[in-house]
There are 2 protein chains.
Amino acid sequence: MITIKDIARHANVSPATVSRVLNGKAWVSEEKRRAVNEWITRLGYKPNQVAQTLVGTRSFLLGVVITDVSNPFFADIVKLLQQEAFLSGYAIVLCHTNAAEDIERQQVDSLIRRQVDGVVIVPCRAESPGIRKLRQAEIPTVVVTQQHPELDSVCVDHNAGGAMVAAHLLSAGHTRLAYFGKKQDAKFNGFRREAAANGVSPDRIPCVKVDYDSVETIDVESTVRRFFDSEEGRQTPGVFALNDFVALAALNTAAEYRRRTPGDLSVVGFDNTYLARIHRPSLTSVAQPLQEMAHRAIELLRRRLAGQGDNEPNLTLLQPRVVVRRSSSREAGTDSEYSLEDTAELPNGATRSTGEGN
Amino acid sequence: MITIKDIARHANVSPATVSRVLNGKAWVSEEKRRAVNEWITRLGYKPNQVAQTLVGTRSFLLGVVITDVSNPFFADIVKLLQQEAFLSGYAIVLCHTNAAEDIERQQVDSLIRRQVDGVVIVPCRAESPGIRKLRQAEIPTVVVTQQHPELDSVCVDHNAGGAMVAAHLLSAGHTRLAYFGKKQDAKFNGFRREAAANGVSPDRIPCVKVDYDSVETIDVESTVRRFFDSEEGRQTPGVFALNDFVALAALNTAAEYRRRTPGDLSVVGFDNTYLARIHRPSLTSVAQPLQEMAHRAIELLRRRLAGQGDNEPNLTLLQPRVVVRRSSSREAGTDSEYSLEDTAELPNGATRSTGEGN
DNA sequence: TTGAAAGCGTTACCAC
DNA sequence: GTGGTAACGCTTTCAA
């Protein structure tokens, strides 16, 4: 390995000077600077990041903690995060939690030992032990996909997304709606809110509880089946599911019940994974601006690392958009986009320093 | 940060001794060892891996270079690799190449600068610049998903996989077959070989050229459409596709042509991603033993890192198996497994130090 | 068995 | 402006 000293020796300067031209901080005479640069290229010198880390600057390593890359939604995020990070000279250390708090803790521990400069995390819950560790180790952290009261976070406005879906289904003429997910979901709130605003009593929108953890856990189908077996289920033409997996389970199950889609039943998913594109019928789904999210997340981290930014946690709340496909259209037609405020495409992204939703 | 010196001070020993009990190499008196361990837990000491790396031992970092995690097949591998690595105390630095050689090179460069102990790579081609760099930097490397003449590699026997598919389709009564992929694919060879062994002339099996790079590139459909438009395509009931994406494209396109599956047309994919499970009709696909592959890959790396193992490249060739689903069954039925040698499940994995296939 | 001390490759502080 | 030098936290001689 060729070091800073080798360069120094060849260029007849001190290691300190080499370091200086490398970091471009202090002034170095034009003459020496050229000599140093000359030898750097000549010997193909590459700074040893490990040494740089040790002296306490930075590791150029970012941790990414996610429940499961097998989930295509997370896979997309991870990919974009890696690419975005790379542009800033950072590499990504990937960790899985399987949505288990103890594993999350272990993984976070390992990241801390590795001196990562920052972490992007999709936590189990806002107060997960992993999050706590990160905070007490004072490692810049940004939470993605969820809001966090005391950390930087970037996510989509789930509440608004839910409202968009309600608006869409209502405009398709459906007045009997159902939600597949958890009662507390912000999507569900938005969904109900918008329904109410259009004269559909929120109390008449059942929430079919779906415990969705990972790709593996597809006991979803039995739940869905139970719903379609019920009187209520038989009469509901408008279904909104917390994500594409569940939506597809609904779609597939509905087919077993001879309910045609589109036609008898409309289903809308969330996340707009490519599953929505590939499946037949194709699935209407709420798209999150992933590229934007990844960009913002890394940007937030960079700011913290540069020591900029107040201590206030920054909440970046982006606007989702509904991508309409066959599963919710009354007639055959090409896919199109839709959003609450306008049928045209939203300038998908808006930052507020605070806000509700999620 | 609490260091080795802190422990030393508290335990009334020298830093060297602390290091010794930590690494368990040299003898340390029972008394001091206990004292040190006591303080280690008491102060919650965690070794600084960066410092350890600098002194030249190891970084505990493994690079994973893959074309695209958005591909569920790769996502699964990455996940398993990470989990497997974690068990051995390693973390994973994830890199994307987008199947582009120059990006691969850049990513590999960054891994080398980071002093990763080893790399698991899905290379663009055997002689990609990334691979070359890795070799000249003498970083232990294992190639997964492909064979490599001069590096450790672990992959499935594609040739055998292709043969299994042929056997399966033939046993379903199809004698007119087609392959969607590239002529040189080992799968295709195996497919033809087995067909020939059963009296179906390989020359009568067309290879519909599909250029599949990533999830994004789904111009696949037009190619597929062109095939179904042809006389040849209209009469082919048995299709084998190089992966699940292409298989699904075939399935979906076939539906547009009113070709019923199962019934008029059978389609078999490769990789057995969850897409195969989720899609309707569900897709018969060749499964790769991913867990086993990840395990072997990490194991190979560990061996190299321990300085064990001859200099011979090790080829670990595992056996795939066919998971039969609706897309290739003549009647409704539950999913089942199938393999060339036996209808029962294969002891899925066999190592040879060399072998053809792929 | 144990301690002192010399690095590992950089950065940063302090003189000159 | 520039060079010496002391860290950073750890491992590993080399003596004792």
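First the proteins, then the strands, lettered A, B, ... as listed; each starts at 1.
Rounded to a whole Å, the CZ atom of R33(B) is 13 Å from the C1' atom of dT2(C). If you take CD of Q49(B) and P of dT11(D), they are 11 Å apart, rounded to a whole angstrom. Atom CZ in R114(B) sits roughly 18 Å away from atom P in dG9(C) (whole-Å rounding). Look at CG on L54(B): it is 12 Å from P on dC10(D), rounded to the nearest Å. Across the protein-nucleic acid pair, Q115(A) atom CD and dC10(D) atom C1' stand 12 Å apart, rounded to whole Å. Between K5(A) atom NZ and dT5(D) atom P the separation is 12 Å, expressed in whole Å. As a whole-Å value, the separation of I4(A) CD1 from dT5(D) C1' is 14 Å. Nucleotide dT11(C) holds its P atom 13 Å from the CD1 atom of I7(A), rounded to whole Å.
No more than 12 heavy-atom neighbours from other residues, nucleotides or ligands sit within 6.0 angstrom of CZ on R302(B).
Among the protein residues, V18(B) comes within range of no part of the nucleic acid, since none of its heavy atoms lies under 4.0 Å from any strand. Residue contacts shown for V50(B) are absent, as no nucleic acid heavy atom lies under 4.0 Å away.
OP1 and OP2 of dT10(C) both lie 4.0 Å or more from every side-chain N or O belonging to T57(A). Under 4.0 angstrom from either OP1 or OP2 of dC8(D) there lies no side-chain N or O belonging to N48(B). Contact between the side-chain N/O atoms of S14(B) and the OP1/OP2 oxygens of dA4(C) is not found at any separation under 4.0 Å. At the phosphate of dT2(D), neither OP1 nor OP2 sits under 4.0 Å from any side-chain N or O atom of T17(A). Between Q52(A) and dT11(C) there is a side-chain N or O to OP1 or OP2 distance below 4.0 Å.
Map T3(A) and R20(A) each onto its nearest nucleotide of DNA chain C; the residue landing nearer the 5' end is T3(A). Nearer the 5' end of DNA chain C, as judged by each residue's closest nucleotide, is the contact made by K32(B), out of K32(B) and M1(A).
Of the listed nucleotides (dT5(D), dG9(D), dT2(C)), dT5(D) has the atom at the smallest distance from the side chain of A16(A).
Tested against L151(A), the residues I131(A), I121(A), V142(A) include a single side-chain contact (heavy atoms from CB on, under 4.5 Å) partner, I131(A).
Using modelled atom types, one finds a donor on one side chain and an acceptor on the other under 3.5 Å when comparing S128(A) with E104(A).
At least one donor-acceptor pair under 3.5 Å links the side chain of D6(B) to the backbone N or O of T3(B).
Of the charged side-chain nitrogens involved, at least one lies within less than 4.0 Å of a carboxylate oxygen, so that E292(B) and R296(B) count as a salt-bridged pair.
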